Number of protein chains: 2
Amino acid sequence: MYAEVMSARDQLIASTQDLLWERGYVGTSPKAIQQRAGAGQGSMYHHFAGKADLALAAIRQNAADLRASAEAAFAQGTTAVERVSAYLLRERDVLRGCPVGRLALDPEIVANPELRAPLEETFDWLRGRLAEVLAEGIANGELPADLDPAATATALVAVLQGGYVLARSSGTVEPFDQAIRGALALLERR
Amino acid sequence: MYAEVMSARDQLIASTQDLLWERGYVGTSPKAIQQRAGAGQGSMYHHFAGKADLALAAIRQNAADLRASAEAAFAQGTTAVERVSAYLLRERDVLRGCPVGRLALDPEIVANPELRAPLEETFDWLRGRLAEVLAEGIANGELPADLDPAATATALVAVLQGGYVLARSSGTVEPFDQAIRGALALLERR
DNA sequence: GTCTATAATACGATAGAC
DNA sequence: GTCTATCGTATTATAGAC
């Protein structure tokens with residue numbers, strides 16, 4: 001993906017992805033998007049119907065990117081705990097937060113079913129994928145039989161999303177790391 | 001606290017608390033605050049230096065309110081697990097999210113040390129308070145000796161904050177409840 | 001496809017009357 | 001203390017030329 005060969009349309013989507021991540025939907029203006037993309041208003045309104053339409057394309061791309069990188073992490077390790085750990089401990093720009101989860105706090109995203117749908121689908125997929133890995137661990141005796149895969153998976157995803165909140169509140173990565181460590185310790189010793 | 005006897009100043013703070021919770025700092029305009037408070041611009045700029053000054057008063061009040069209601073929950077129950085559960089399971093307006101954690105995703109809050117400070121203090125206090133309760137449980141043999149109280153406490157606070165994110169993404173309370181259930185199951189069976 | 005011009009409204013704040 | 005008037009800028013588009 002070379003910036004020089006990206007079409008104006010793709011540049012606009014990429015810039016919107018960045019700005020939604022950084023400032024959310026409410027805090028992102030079409031003007032800021034255009035400036036970052038190096039495109040004018042005419043270009044933007046030619047390719048997209050407006051702010052919401054462009055945001056939809058960017059959110060879908062953010063969701064697809066997250067899914068791809070999560071899938072890559074799950075492929076690492078052999079045991080269930082190793083694969084879960086690989087996902088939880090993978091490199092992240094913690095203080096930047098999650099590009100998808102971040103949008104769940106935005107009132108105009110949540111109020112718009114079309115804009116919210118990619119968030120719901122992404123987290124449903126992630127929780128399901130993690131639950132599968134945990135279920136494998138239960139099936140082969142690595143994890144206890146009374147562990148609820150779905151509830152545990154949801155708790156682990158929540159630890160991640162909440163870890164971002166605590167890290168940004170404190171201005172450091174420390175609470176994020178501690179939350180992950182605490183959650184993994186609870187899981188591993190069961 | 002009767003609305004009829006609240007001063008214009010207190011009305012402005014209360015309205016700002018609501019709007020920050022709902023729309024964040026970036027998404028909240030002085031005009032909206034004034035309208036909700038039933039106060040004019042003159043009144044607002046008489047009592048506060050500007051948007052940031054008013055937001056600081058509202059954020060501090062949000063933090064104080066959260067702390068008070070958390071302390072009330074911790075007072076319930078006798079065993080450590082009961083007290084932790086009482087806090088995690090207390091009634092919440094889940095789809096509204098956390099009035100304090102919500103602000104951690106706002107770029108202008110995080111960029112302003114004065115506005116971020118109440119967030120950091122609130123979560124430091126909450127993690128410490130939870131860690132104390134867990135440490136008591138370890139001391140009296142209710143919880144295993146190898147449990148790290150601080151890391152576990154941070155993980156539990158993260159589950160809450162992340163639960164809000166998942167609930168708002170899905171449009172239902174279900175993922176929040178499931179995350180809490182999953183986390184408590186991991187803690188109780190250790 | 002992209003440009004510039006224009007529009008109606010909102011933002012965040014200040015000024016000065018009352 | 002609160003009011004209205006005003007300010008300069010930003011927002012989210014639309015219109016029409018190129």
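Order of the sequence lines fixes the chain letters, A, B, ..., with proteins taken first and strands second; residue numbering starts at 1 for each chain. Given the structure is predicted, the values throughout are model-derived calculations rather than measurements. The figures that follow rest on heavy atoms only: side chains count, while hydrogens, waters and symmetry mates do not.
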| query | Going by heavy atoms in the side chains, are A:Ile59 and A:Thr16 under 4.5 Å from each other? | reply | no
| query | If we only count heavy atoms from C-beta on, is the A:Arg36 to A:Leu12 side-chain gap below 4.5 Å? | reply | no
Please list, one pair per line, the donor and acceptor atoms closer than 3.5 Å that link side chains of residues 89-97 of chain A to other protein atoms, with sequence neighbours excluded.
unit_1: A:Arg90; atom_1: NH2; unit_2: A:Ser69; atom_2: OG; d: 3.1
unit_1: A:Arg92; atom_1: NH1; unit_2: A:Tyr164; atom_2: OH; d: 3.1
unit_1: A:Arg92; atom_1: NH2; unit_2: A:Tyr87; atom_2: O; d: 2.8

| query | Rounded to the nearest Å, what distance is computed from the CD atom of residue B:Glu108 to the C1' atom of nucleotide C:dG12? | reply | 12 Å
| Whole-Å distance between C:dG1 P and A:Asp10 CG? | 13 Å
| request: Using side-chain hydrogen bond (donor to acceptor under 3.5 Å, both in side chains) as the criterion, list what pairs up with B:Glu174, not counting sequence neighbours. | output: A:Arg127
| task | Produce a footprint string for nucleotides 13-18 of chain D: one letter per nucleotide, 5' end first; B if the base is under 4.0 Å from any protein heavy atom, S if only the sugar-phosphate is, - if neither. | result | BB----
| Nearest-Å distance, CD (B:Gln34) to P (C:dA10)? | 14 Å
| request: For C:dT2, take OP1 and OP2 only and decide whether either is under 4.0 Å from a side-chain N or O of A:His47. | output: yes
| Between A:Gln17 and A:Asp65, a side-chain donor and acceptor under 3.5 Å | yes
| request: Give a yes or no on whether the backbone of A:Arg67 and the side-chain of A:Glu71 come within a donor-acceptor separation of less than 3.5 Å. | output: no
| said: Nearest whole Å is fine: how far is C:dG12 P from B:Phe48 CZ? | reply: 16 Å
| task | State which of D:dT12, D:dC3, C:dG12 makes the closest approach to the side chain of B:Ser29. | result | C:dG12
| query | In whole angstroms, how far is the P atom of D:dA10 from the CZ atom of A:Arg23? | reply | 13 Å
| note | Quick note, A:Lys31 side chain, CB onward, closest among D:dT2, D:dA10, C:dG1 is D:dA10
| Rounded to whole angstroms, how far apart are CD on B:Gln11 and P on D:dT2? | 11 Å
